[in-house]
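See structure below.
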Amino acid sequence: MAVKTTLTAQEDFTGEFPSAWAASGLWRFNESEPDSNDRLMDSSGNGRDFNIINWSGTTANLLEGWRGHYFRFNINNPTSEKTYLQAVNDGSIFAELGQRIVVGGWMNPTIYSVGNTFCPIFNTRQGPGQPILYLSLYSGRPRLMLYNSSGSLILDESVTPPFSLVNNGWYFLAAVIEPDAYKACYVVGDRSTGTVWISNELTIDGELNRSCTADLIMGMHADTYYYAGGFDDWFLDTDSSLTAEDLAEYFKATLFANGGDLSGDVDALTEPGSVILRSSDGAYPSSGQLITKGAACALSGSGRVSVNSEYTAGVTSIEQVETSTSDDLEEWSAWQAVGTSGELQSPNRQYIRFRVTLATDDVSLTPKVLEIQLHDIPKAPYEKLGFARPVVLDENGAWEAVLENAFDIVVTSEVNGADTMEFYLPFHDPKRAMLDNEKQVQIVNDIYRIRTLTDTKDTDGRIVTQVYAEAAFYDLSFSEEKETVDFNADTADAPMRHALEGTGWSVGTVNVTTLRTWQCTEKNALSILRATQNIHGGDLIFDCPNRLVHLLTFGGNDSGALFAYRKNLKSIERVVDTRSLVTRLYAYGKDGMTFASINGGKDYVEDFSYTSEVRISTLDCSNFTNPYQMLEYTQMRLAEYAQPRVSYVLSAMDLSALTGYEHEAWALGDIVTVDDKDLNLSVKTRVVRRQYNLQEPWKTVLELSTTLRELGDSSAQWDKAADVLASTDVIDRQEVKDLVPFNHLRNSRADSGMNYWTNSGFEVDAENGVSGTASFKAEGVLGMTKSLTQTVYPASRRSYTFSAQIASEDLQKGPSGQVGIEVTFEYEDGSTETRFIDLF
């Protein structure tokens with residue numbers, strides 16, 4: 001995969017003239033006011049600031065526009081206001097003309113400027129010394145004048161665009177001058193219609209003044225003629241590589257970019273190189289849409305879009321990413337959202353633009369877009385594993401060589417496990433020289449990295465090279481060392497983002513919904529991802545070409561593929577294993593906690609559905625602090641342990657490699673059907689491991705398991721299990737004694753009725769209590785919330801403990817029902833945070 005386009009600079013988001021194209025001078029006019037010396041900054045880095053002549057007491061102003069601020073002047077009476085801009089030439093501005101000079105920018109003329117006969121725009125005729133060029137309007141038509149070293153005109157031409165310049169229109173005006181080729185031309189664009197026009201070549205009759213030391217003057221000539229209107233984003237580049245066609249393309253590619261529009265909801269100017277929501281009176285809007293400039297597309301294969309951003313989980317977000325493509329920068333396809341993993345859905349054309357929606361639920365916070373990339377994913381030379389060959393990639397991810405003579409090519413992969421490849425190549429194969437350690441090799445859509453090369457000479461004198469390669473995601477084990485991080489009731493995407501930060505990989509689709517609280521002490525990205533899968537459940541899927549990691553509840557499909565004897569099944573081994581069979585399972589949580597108090601006094605669960613024999617084991621649940629969750633988890637584990645473990649090992653042929661049998665395709669993780677009448681066998685089972693022989697697909701070995709669903713699969717109702725959220729804790733008598741002096745709740749045992757409590761639906765039970773004679777009681781009603789509320793004002797502490805005992809006999813929760821403690825914290829700054837502690 002290669003990066004086709006990267007948008008990260010300010011001008012990518014605003015459409016302003018690229019600073020790299022304006023080495024001699026760039027005047028953006030983005031200030032809200034000039035500096036204390038009435039100067040406007042030169043953004044080229046050369047310090048050629050414009051001095052505003054006659055700023056005070058005139059209509060000269062810096063107004064909000066569509067590309068930041070722009071400079072507007074001489075609006076009431078140019079002949080009396082006499083405002084203009086001057087940049088002093090220290091002799092270096094035109095010292096190196098090179099083969100091409102480009103000069104131009106945006107202007108917003110008034111009727112005065114387009115209606116008068118002479119209107120100066122960009123001028124070197126004020127001295128000192130002789131001029132070199134003069135851009136102006138002659139009766140509303142662009143005029144270009146060029147001079148030799150004696151001050152004589154060597155070009156004076158007015159041009160007529162296919163549109164007229166009118167009052168208050170916005171126009172792009174640029175001149176391209178080639179002194180060695182003795183030619184020049186104008187480029188003129190009309191923002192209102194998107195029309196851009198390149199004039200015919202204008203012939204220069206003589207040598208351009210290469211020793212010009214004249215100052216740059218904008219908007220005035222001879223203290224007699226003045227410009228009235230606005231200027232924005234003017235540039236000068238000597239020894240330039242730009243052509244008139246480049247400038248015309250710039251005009252069309254940037255017309256719709258809106259990051260600099262000060263009336264819009266997104267802001268690409270406040271923090272150059274990033275885009276945020278535009279603040280107004282200290283508050284951000286709830287959403288805003290960024291539209292970028294048009295950039296190169298023309299992919300060789302498929303495309304993927306990635307957006308690098310900063311956001312606050314659950315509060316701010318990059319809500320949507322859309323694309324539109326074009327072949328001419330004029331006719332654009334309809335906006336189309338990218339796929340769930342960033343897949344480009346728009347047609348593959350020459351150019352692409354992006355529309356990114358930023359959103360926030362808190363007006364004090366904003367997401368931030370840092371970079372947008374378009375990745376080019378070349379179409380694989382092979383579309384399926386059967387009969388495919390390894391393809392060596394260069395350092396940019398492009399194809400370097402197809403190893404047609406590779407043999408004994410075997411890919412071994414497991415669900416949530418290993419993914420490796422081995423093959424052999426004749427040592428004297430000309431393409432052997434392209435193999436080297438750490439080079440990447442592609443097999444269909446998977447990417448592997450060569451780890452070992454072994455050259456062997458046998459007794460017959462034959463020399464072969466054995467190649468061992470690991471899937472590209474193995475590189476994540478070499479990531480920078482990660483800090484220990486605590487996750488609090490987070491979904492799996494949080495630790496996955498932590499793992500992948502700074503690796504160049506991104507989180508893809510995560511549909512495992514389990515919430516977990518745990519401390520991650522793993523030190524590299526891959527080990528964190530493995531730990532996340534183990535804790536949250538599901539299947540880790542590594543998309544190496546796109547550098548994405550997915551966590552899916554079930555990483556496969558019901559393929560419909562059938563393995564049958566004398567069809568595609570060569571041999572089969574069925575193993576029924578009861579060595580680990582358990583019918584009574586004890587579980588112990590934090591500090592020896594059990595669930596006996598909520599399980600009829602039993603600290604174990606039983607399942608005799610397979611055998612009546614008592615077979616005992618113990619489950620380590622030391623991360624659990626909630627007996628209800630631990631009981632549920634233990635019951636689900638026992639449902640697995642109480643049945644024999646059945647697995648199959650097949651030697652089978654992949655028929656989908658043959659023409660006409662494509663419907664027999666299957667993949668790692670898929671569900672397939674195995675049928676053998678002699679074994680009285682017909683079962684649906686899952687491919688959990690494969691040893692695939694690419695050259696000889698009939699030698700493929702599969703390992704199948706009847707465990708078709710894994711922890712984290714919501715359809716199996718495992719989402720609620722094993723939640724190590726430190727939310728509810730069983731505490732011993734000594735801990736209770738330690739807590740008593742610090743109890744901030746008043747009348748917590750209902751001794752004084754409902755005093756100090758705000759009650760909605762509870763009553764006092766004066767006969768049943770635990771630490772006293774009374775308690776609070778509520779009769780649950782479906783669809784109704786009943787609550788007891790009390791506000792406390794504790795001293796500042798680093799941590800707090802919440803303790804409660806509930807009677808849960810015959811307690812059943814309806815859909816979306818909850819039993820627990822909801823705590824709302826109010827901080828000194830007035831902000832609040834709410835957490836729910838589940839008790840059942």
Side-chain angles (χ1 to χ4, degrees), residues 1-10 12-13 257 259 266 268 273-276 289-313 316-325 335-349 351-359 367-379 393 395-398 440 445-447 472-473 475-476 479 492-494 496-511 525 529 540-552:
M1 178 177 66
V3 176
K4 180 70 176 184
T5 292
T6 298
L7 301 182
T8 190
Q10 174 177 305
D12 295 333
F13 307 131
V266 293
S274 63
V275 183
I276 58 177
Q289 284 188 330
L290 165 72
I291 300 178
T292 71
K293 73 174 187 179
C297 186
L299 302 171
S300 63
S302 59
R304 182 175 71 83
V305 178
S306 62
V307 177
N308 183 15
S309 65
E310 295 178 0
Y311 62 94
T312 303
T316 65
S317 65
I318 304 304
E319 196 171 67
Q320 189 174 41
V321 180
E322 300 167 283
T323 59
S324 175
T325 54
W335 289 107
Q336 180 72 48
V338 300
T340 54
S341 299
E343 301 93 344
L344 182 66
Q345 306 294 327
S346 297
N348 181 17
R349 294 176 178 168
Y351 304 96
I352 187 170
R353 57 181 178 174
F354 304 89
R355 185 165 71 180
V356 181
T357 302
L358 295 76
K368 182 186 297 185
V369 174
L370 301 174
E371 182 180 72
I372 303 172
Q373 285 191 334
L374 174 65
H375 302 267
D376 190 355
I377 307 170
K379 184 178 179 182
L393 306 180
E395 60 183 9
N396 297 315
Q440 291 189 324
N445 290 319
D446 292 324
I447 306 296
F473 70 79
D475 289 349
L476 293 171
S479 70
D493 58 321
M496 290 175 69
R497 284 196 302 270
H498 165 62
L500 297 176
E501 182 178 3
T503 65
W505 288 66
S506 302
V507 177
T509 301
V510 178
N511 60 18
L529 292 170
L540 269 178
I541 307 295
F542 293 92
D543 181 353
C544 296
N546 296 316
R547 299 175 73 82
L548 289 172
V549 184
H550 312 283
L551 185 62
L552 308 179

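Just the heavy atoms: all of them, side chains too, but no hydrogens, waters or symmetry mates, feed the values below.
Partner Ile372 forms a side chain to side chain contact (heavy atoms under 4.5 Å, CB included) with one of Val356, Val275, Asn308, Ile352 and no other, that one being Val356.
Listed for the Asp376 side chain is no donor-acceptor partner under 3.5 Å among the backbone atoms of Val3. The main-chain N or O of Ala525 is found under 3.5 Å from a side-chain atom of Ser479 such that the two form a donor-acceptor pair. A donor-acceptor pair is defined here as one N or O able to donate and one able to accept, closer than 3.5 Å; such a pair exists between the side chain of Ser346 and the backbone of Thr323. Arg547 places a side-chain N or O within 3.5 Å of a backbone atom of Gly504 that can act as its donor or acceptor partner.
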Original post:
Going through the distances and angles, do Leu358 and Val266 end up as a side chain to side chain contact (heavy atoms under 4.5 Å, CB included)?
Top reply: CA-CA 8 Å; Leu358 295 76; Val266 293; 4.2 Å; yes
**OP:** Kindly determine whether Trp505 and Val549 satisfy side chain to side chain contact (heavy atoms under 4.5 Å, CB included), including the steps that lead there.
**Re:** CA-CA 7 Å; Trp505 288 66; Val549 184; 3.7 Å; yes
Subject >> Full working for side chain to side chain contact (heavy atoms under 4.5 Å, CB included) between Leu476 and Leu529 >> reply: CA-CA 9 Å; Leu476 293 171; Leu529 292 170; 3.8 Å; yes
Original post:
How far apart are the C-alpha atoms of Leu393 and Ile447, what are their side-chain angles, what is the distance that settles it, and do they pass the side chain to side chain contact (heavy atoms under 4.5 Å, CB included) test?
Top reply: CA-CA 9 Å; Leu393 306 180; Ile447 306 296; 3.8 Å; yes
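The CZ atom of Arg304 lies 5.0 Å from the OG atom of Ser306; values are rounded to the nearest 0.5 Å. Taking CZ of Arg355 as the reference point, atom CZ of Arg353 lies at 8.5 Å (rounded to 0.5 Å). Atoms CD and CZ, on Gln289 and Phe354 in that order, are 15.0 Å from each other to the nearest 0.5 Å. To the nearest 0.5 Å, atoms CD (Glu310) and CG (Leu370) are separated by 5.0 Å. A distance of 4.5 Å separates CG in Asn348 from CG in Leu299, rounded to the nearest 0.5 Å. Note that OG1 of Thr5 and CG of Leu7 are 6.5 Å apart. Values are rounded to the nearest 0.5 Å.
Leu551 is not listed as a side-chain neighbour of Thr509, based on a closest heavy-atom distance of 4.5 Å or more. For the pair Glu343 and Val338, the minimum side-chain heavy-atom distance is 4.5 Å or more. Side-chain contact between Tyr311 and Ile318: absent, with no pair of heavy atoms (C-beta onward) separated by less than 4.5 Å. Residues Cys297 and Leu374 form a side-chain contact, since some pair of their non-hydrogen atoms from C-beta on lies under 4.5 Å apart.
Within 6.0 Å of CD in Glu501 there are 12 or fewer heavy atoms belonging to other residues, nucleotides or ligands.
No side-chain donor-acceptor contact under 3.5 Å links Asp12 and Thr292.
When all heavy atoms of Ala296 and Lys4 are compared, the pair lying nearest together is O-CG, 4.1 Å. Considering all non-hydrogen atoms of both residues, Gln345 and Ala337 come closest at CG-O, 3.2 Å. Considering all non-hydrogen atoms of both residues, Phe13 and Ala268 come closest at CB-CB, 3.7 Å.
Qualifying salt bridge (charged side-chain N to carboxylate O under 4.0 Å, His left out) partners for Asp475, counting only residues two or more places apart in sequence or in other chains: Arg449, Arg451. Among residues two or more places apart in sequence or in another chain, the salt bridge (charged side-chain N to carboxylate O under 4.0 Å, His left out) test is passed with Arg349 by none.
The pair Arg497-Asp493 counts as a salt bridge, with a side-chain nitrogen and a carboxylate oxygen less than 4.0 angstrom apart.
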